[in-house]
Every structure is written in structure tokens, then in C-alpha cells.
Number of protein chains: 2
Amino acid sequence: MKQISTRFSIAVHTLSLIAVSPQDCTGDFIAGSVNTNPVVIRRIMGMLKKAGLVDVRPGVGGATLLKAPDEITLLDVYRAVNATEENRLFRIHEKPNPACLVGRNIEQVLQTELRDAQSEMERRLAQTTLGRLIAKFE
Amino acid sequence: MKQISTRFSIAVHTLSLIAVSPQDCTGDFIAGSVNTNPVVIRRIMGMLKKAGLVDVRPGVGGATLLKAPDEITLLDVYRAVNATEENRLFRIHEKPNPACLVGRNIEQVLQTELRDAQSEMERRLAQTTLGRLIAKFE
DNA sequence: TTATGTTGTAACTATGATGGTTACATCGGT
DNA sequence: ACCGATGTAACCATCATAGTTACAACATAA
């Protein structure tokens with residue numbers, strides 16, 4: 001099946017690293033910890049910056065959190081990297097046959113249910129903060 | 001972002017149609033209601049059949065539900081069409097650097113949270129039955 | 001038996017998201 | 001001016017998706 005992009009987990013990794021590191025984290029340093037290409041990190045950092053979660057200093061290098069780890073939830077990160085307009089987890093097939101009872105109703109009825117389901121997931125993501133996550137590292 | 005395949009919504013549409021139709025539903029008939037190619041329907045019907053939700057009669061044609069609409073939840077359908085092994089909604093980047101505190105812990109810690117979030121979503125899907133969905137059609 | 005209409009699949013295709021990569025402009029401090 | 005960092009554009013290989021054509025297998029009716 002189609003899974004949610006690793007952008008999300010990489011973003012969480014990135015923020016965690018910034019949170020626990022005493023020194024400034026450069027993109028290359030983070031890339032080394034995540035084990036990927038620095039450009040991938042920069043792209044994600046750009047999204048986190050746009051979402052107001054981090055401040056990145058061009059030229060000099062390094063990133064810092066703009067909120068306390070306890071003020072950043074997984075949902076914040078999730079939203080930041082999905083960064084899209086709609087943000088609907090489920091896709092529904094388009095243009096079903098309006099001449100059919102089911103075709104006429106399915107979109108509306110199903111959408112309500114699926115949005116609720118997505119909300120439940122997001123509610124759970126909102127319950128975990130970066131601070132709580134970091135506290136579990138050993 | 002990457003969304004969950006329309007296979008799911010098409011499967012729900014398909015089952016709904018079978019449930020509300022007095023006559024037998026052929027793949028072509030369902031395809032007409034969903035507004036897609038019959039082969040797409042047959043593929044999904046194959047998954048629903050494998051999951052024990054429907055019985056499809058080869059040759060003669062037509063499909064029937066193997067359970068009452070009130071006994072089929074959206075989660076059943078979701079599981080049927082995702083039909084994969086792992087069934088993990090979230091992907092986590094692989095092989096983070098074990099020499100780093102974050103890299104060493106992120107996978108384990110994050111996985112717990114994400115699995116919980118997925119469970120919340122699935123719990124909500126399990127609360128809606130096909131019967132309840134159909135009852136909302138007008 | 002043959003014809004008809006259906007299901008079951010294989011195979012091919014176009015599309016779009018993803019994630020890695022190279023390249024280079026720009027920035028800021030030494 | 002130099003150096004190392006960020007910010008992006010551009011390109012690419014890979015993969016899931018969903019539509020399509022084609023055809024074998026099947027069940028029933030004539």
C-alpha cells in the first residue's frame with residue numbers, strides 16, 4: 001500500500017536532533033545522523049522553517065527551535081511536512097454515476113467517515129510532544 | 001502528499017452497491033456506477049473475495065455479500081484492499097546513524113507513537129458499518 | 001455442442017510522488 | 001576575498017496507481 005512519506009519521520013528526527021544537541025546543527029550533520037543526502041534535509045528544513053518551527057541561519061549555518069520541545073507536537077510536524085492544501089489522507093474516486101443511488105451518495109457519506117477517522121489519528125499525534133519523545137531516548 | 005488509494009473508496013462503493021441492489025451485480029454494472037474500467041472492479045472484487053467479504057460467481061456473473069451489511073465495517077474493507085503484509089501507514093526512514101543518540105532511538109520510539117495513531121484511525125473505521133453507511137443514502 | 005456473457009489475470013502504459021544526486025547562486029563570518 | 005553553510009533548481013530512478021487491451025476459463029442457454 002501507499003505509505004506516508006519518510007519526510008515526516010525525518011522531520012521528527014531532525015527536530016529531535018536540534019533539541020538534544022548543545023551545538024548548532026548543520027544540514028550535513030543532521031544528514032549524517034539521518035543517513036541521507038544533505039539536500040533532503042535542507043528541503044525538509046525549509047518546510048519546518050515555513051511552518052515556524054525552526055530558525056535556520058543561512059551563511060553561518062545551524063538551526064534552532066522556535067518553540068520549546070514540549071510545545072511541538074507530532075501533529076505540528078506532520079502538518080508542516082505535508083504542507084499541502086487539502087491534507088486529506090484518504091482519496092475518494094471521482095465522478096461516480098449520479099444516476100445510481102450509491103454513486104449519488106457515496107462521496108458525501110464516505111467523506112464524513114474518513115475525515116473523522118483521519119481526525120482521530122491526528123488527535124493522537126497531537127498528544128505526543130517532541131519533549132516527550134526525546135525523554136524516551138536512552 | 002501521498003494519499004490512500006481509491007481502491008478503498010471503490011471497494012466501499014462496490015460493497016454498498018451489492019448490498020442495495022436487488023439483482024445480481026456484474027463487474028460491468030458496478031464499473032458503470034463507480035465510473036471506471038471493469039478490470040479495476042474485478043481486481044478489487046478479487047481482494048474482497050480473498051478477504052471473505054463477497055462471493056463472486058465466475059461464468060454466470062454477479063456477486064453477493066457473505067456477511068450482513070451490519071457485520072461489515074469500514075476497517076474490514078480497508079484491511080481487505082490494503083491486503084498487504086505489514087500494513088503500516090507511516091513509513092520511517094531506514095538505517096539512521098547508530099552512533100548518534102537520536103539515530104539510535106528514533107525508530108523504536110517513533111514507531112510506537114505512529115502505530116498508536118494508526119490504531120486510533122482504524123478504531124474509528126471499525127465503528128462504521130456498511131449498513132450504517134447505506135442508511136444515509138437518500 | 002456451440003454461442004454468449006461473465007470472471008480471472010497477465011501485460012502494458014501514463015501519471016505522479018518520492019528520495020537521491022549534482023550543480024550553483026547566495027549568504028555570513030573570519 | 002575566502003570558506004563553509006543554506007536555498008533551490010534540475011535531473012533521475014524507482015515505485016504505486018489506475019486505466020487499458022487481450023485472452024483464457026467458466027457457467028448457462030439455445
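Residue numbers start from 1 in every chain, and the chains themselves are labelled A, B, ... in the order their sequence lines are given, proteins ahead of strands.
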Legend entry - Minimum-distance nucleotide (side-chain atoms of B:V40 versus D:dA22, D:dT6, D:dA18): D:dA18
Inset, instruction - Measure from CG on A:N37 to C1' on D:dC12 and round the result to the nearest Å. - result: 13 Å
Legend entry - Nearest-Å distance for atom pair CZ/P, residues B:R57 and C:dT7: 10 Å
Legend entry - Side chain of A:D28 (C-beta onward), nearest among C:dT21, C:dT7, D:dT6: D:dT6
Legend entry - Residue whose nearest DNA chain C nucleotide is more 5′ - A:I4 or B:G27: B:G27
Legend entry - Shortest side-chain distance from A:T36, nucleotide among C:dG20, C:dA23, D:dG19: C:dG20
Inset, instruction - Please tell me which of the listed nucleotides, D:dA22, D:dA18, D:dG19, lies nearest to the side chain of B:V39? - result: D:dA22
Inset, instruction - Give a yes or no on this: more than 12 heavy atoms of other residues, nucleotides or ligands lie within 6.0 Å of atom CD of A:E138. - result: no
Inset, instruction - Specify the separation, in whole Å, of atom CG of A:N82 and atom P of C:dA17. - result: 13 Å
Inset, instruction - Look at A:R43 and D:dG7 and indicate whether a side-chain polar atom (N or O) is within less than 4.0 Å of OP1 or OP2. - result: no
Legend entry - Residue B:Q108 excluded, over 12 heavy atoms near CD under 6.0 Å: no
Inset, instruction - Nearest-nucleotide wise, let me know which of A:N35 and B:G46 is further upstream toward the 5' end of DNA chain C. - result: B:G46
Legend entry - Of the listed nucleotides D:dA18, D:dG19, C:dT18, the one nearest the side chain of A:R91: D:dA18
Inset, instruction - Please report the shortest heavy-atom distance between B:Q3 and A:R91, naming the atom on each side. - result: OE1-CG, 3.0 Å
Inset, instruction - State whether B:S5 places a side-chain N or O below 4.0 Å from either non-bridging phosphate oxygen (OP1 or OP2) of D:dA18. - result: yes
Inset, instruction - For atom CD of A:E94, decide whether the heavy atoms of other residues, nucleotides or ligands shown that lie under 6.0 angstrom number more than 12. - result: no
Legend entry - Closest to side chain of A:V60, choosing from D:dT20, C:dT18, C:dG28: C:dG28
Inset, instruction - Examine D:dA18: is either OP1 or OP2 under 4.0 Å from a nitrogen or oxygen in the side chain of B:T6? Give yes or no. - result: yes
Inset, instruction - Could you tell me the separation between the CD atom of B:Q3 and the C1' atom of C:dT15, rounded to a whole number of Å? - result: 14 Å
Inset, instruction - Indicate, yes or no, whether a donor-acceptor pair under 3.5 Å links the base of C:dT9 to the side chain of B:R42. - result: yes
Inset, instruction - Name the nucleic acid region contacted by A:G59, choosing base, sugar-phosphate or nothing; use a 4.0 angstrom heavy-atom cut-off, strictly under. - result: base
Inset, instruction - Kindly say if B:K49 contacts the phosphate of C:dT7, meaning a side-chain N or O under 4.0 Å from OP1 or OP2. - result: no
Inset, instruction - Consider only side-chain N and O atoms of B:D76 and B:T73, and report whether a donor and an acceptor are under 3.5 Å apart. - result: yes
Legend entry - Pairwise 5' ranking along DNA chain D for A:K2 and A:T26, keeping only the more 5' one: A:T26
Inset, instruction - Give the rounded distance in Å between these two atoms: NZ of B:K95 and C1' of C:dG19. - result: 15 Å
